[in-house]
Amino acid sequence: MLKLLGDAGMSEYRMSKLNNVVPQNLTRLWTSEDEMMTWATEVVASEEYLQDHLELIEAYMDCVEMVRRSGPSGNRHIALVGLFLRAFDASSYCVRSAMSGNYTGSAMYARDILETQFLLSYLLDEPGRPETWLSSDPETIRKKYRPIDIRTYLDERDGFIERKRMQNYHALSTLGAHPSPGGLELKRDGGKAIHSGPFKQRDTLEQCIQEAARVILPLGAMLHDYAIAEIENGPRISSRLALILQRTRVKYFGG
């Protein structure tokens with residue numbers, strides 16, 4: 001019978017079989033999220049600063065991929081490029097979640113980007129640290145590379161006495177990464193009732209995209225510096241990112 005269906009019929013048959021594998025409630029949810037993307041795209045199209053922020057995130061991701069292809073081998077570069085790639089993935093999902101109406105997911109990924117940013121800043125501070133981190137066993141990672149220890153080191157290095165790294169980390173943890181009463185605010189609809197989503201909340205969408213840009217900005221600067229210092233053709237590879245970083249600092253973050 002299948003031979004009589006032809007190529008088009010076979011394609012429809014396979015698709016029908018696949019649709020039967022995925023529960024309909026999941027496909028309905030994903031369809032709703034895709035529909036939310038259309039609305040979110042219209043919001044972004046109406047605000048220049050949102051378009052600029054998405055361009056920053058995309059420029060970071062594009063530069064990461066070029067660095068990955070151009071980078072030398074060795075444990076130092078495996079560790080650093082691997083972490084930049086982790087933030088590549090998180091950046092994509094952070095924005096995708098926000099524009100799909102899943103603001104809790106966006107906060108979770110923003111927190112992951114922030115923690116990765118802190119770790120990269122620590123590892124890049126001294127020669128040999130990336131290699132040591134990469135070869136560490138789980139017990140050493142737990143004892144030596146705790147997020148609180150990394151943040152404390154960076155604050156002391158930079159003379160930050162207000163502990164804003166901790167404040168930002170805890171805020172995103174509360175909203176997304178940790179189950180908490182505060183995080184339930186991202187599960188409320190316009191009438192403040194708990195809802196499964198996806199949500200159409202313009203203010204929250206804008207805040208999520210702004211937060212994504214804020215946590216990507218320092219990461220982009222580290223990637224740029226790494227490319228300039230250690231990657232063949234680094235100045236060329238990172239030139240677009242450098243221009244967008246400068247624009248973002250001056251235009252949106254006070255220089």
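The analysis underlying the following values was restricted to heavy atoms, covering all of them including side chains, and did not include hydrogens, waters or symmetry mates.
The shortest non-hydrogen separation linking R157 to R165 is NH2-NH2, 4.0 Å. Across every non-hydrogen atom of T116 and L83, the tightest pair is CG2-O, 3.5 Å.
Using a 30° and 60° split on the angle between ring planes, H77 and Y226 fall in the tilted class, from 30° to 60°.
At least one side-chain heavy atom of L205 sits under 4.5 Å from a side-chain heavy atom of Y103. Counting only heavy atoms from C-beta outward, the side chains of K187 and F199 approach each other to under 4.5 Å. At a threshold of 4.5 Å between non-hydrogen side-chain atoms, the residues L50 and L54 do not count as touching. Considering only heavy atoms from C-beta on, N102 stays 4.5 Å or farther from P198 through its side chain. The shortest side-chain heavy-atom distance between Q210 and E206 falls under the 4.5 Å cut-off.
In this view, H170 satisfies the ring pair (Phe, Tyr, Trp, His ring centres under 6.0 Å) rule with no residue, not counting sequence neighbours. Looking at residues two or more places apart in sequence or on another chain, you find a ring pair (Phe, Tyr, Trp, His ring centres under 6.0 Å) between H53 and Y49, Y252. For L243, there are no side chain to side chain contact (heavy atoms under 4.5 Å, CB included) partners at least two apart in sequence or on another chain. With sequence neighbours left out, the salt bridge (charged side-chain N to carboxylate O under 4.0 Å, His left out) criterion links D203 to no other residue. Evaluation of the side chain to side chain contact (heavy atoms under 4.5 Å, CB included) rule for A242 yields H224 as partners, not counting sequence neighbours. T41 is linked by a side chain to side chain contact (heavy atoms under 4.5 Å, CB included) to M99, counting only residues two or more places apart in sequence or in another chain. Shown here are the ring pair (Phe, Tyr, Trp, His ring centres under 6.0 Å) partners of Y93, two or more places apart in sequence or in another chain: Y109. For E156, the side chain to side chain donor-acceptor pair (under 3.5 Å) criterion is met by no residue, not counting sequence neighbours.
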Enumerate donor-acceptor pairs with a distance under 3.5 Å from any side-chain N or O in residues 60-73 to protein atoms, sequence neighbours excluded.
unit_1, atom_1, unit_2, atom_2, d
Y60, OH, F84, O, 2.9
E65, OE1, R68, NE, 3.0
E65, OE2, R68, NE, 3.3
E65, OE2, R68, NH2, 2.6
E65, OE2, R69, NH1, 3.3
S70, OG, M66, O, 2.9

Could you list the donor-acceptor pairs under 3.5 angstrom formed between side-chain atoms of residues 31-38 and any protein atom two or more places apart in sequence or on another chain?
unit_1, atom_1, unit_2, atom_2, d
T31, OG1, T27, O, 2.8
S32, OG, R28, O, 3.0
D34, OD1, R96, NH2, 2.8

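Listed by chain and number, the hydrophobic cluster partners of M108 come to none, as no ILVMFWY side chain reaches under 4.5 Å of it.
For R129 and Y153, the positive end sits near the middle of the six-membered ring, less than 6.0 Å away and at most 45° from its axis.
One finds the CD1 atom of I216 at 9.5 Å from the CG atom of L223 (value rounded to the nearest 0.5 Å).
Annotation: salt bridge (Lys or Arg N to Asp or Glu O under 4.0 Å) contacts involving residues 138-148, sequence neighbours excluded, comprise E139-R142, E139-K143, R146-D149.
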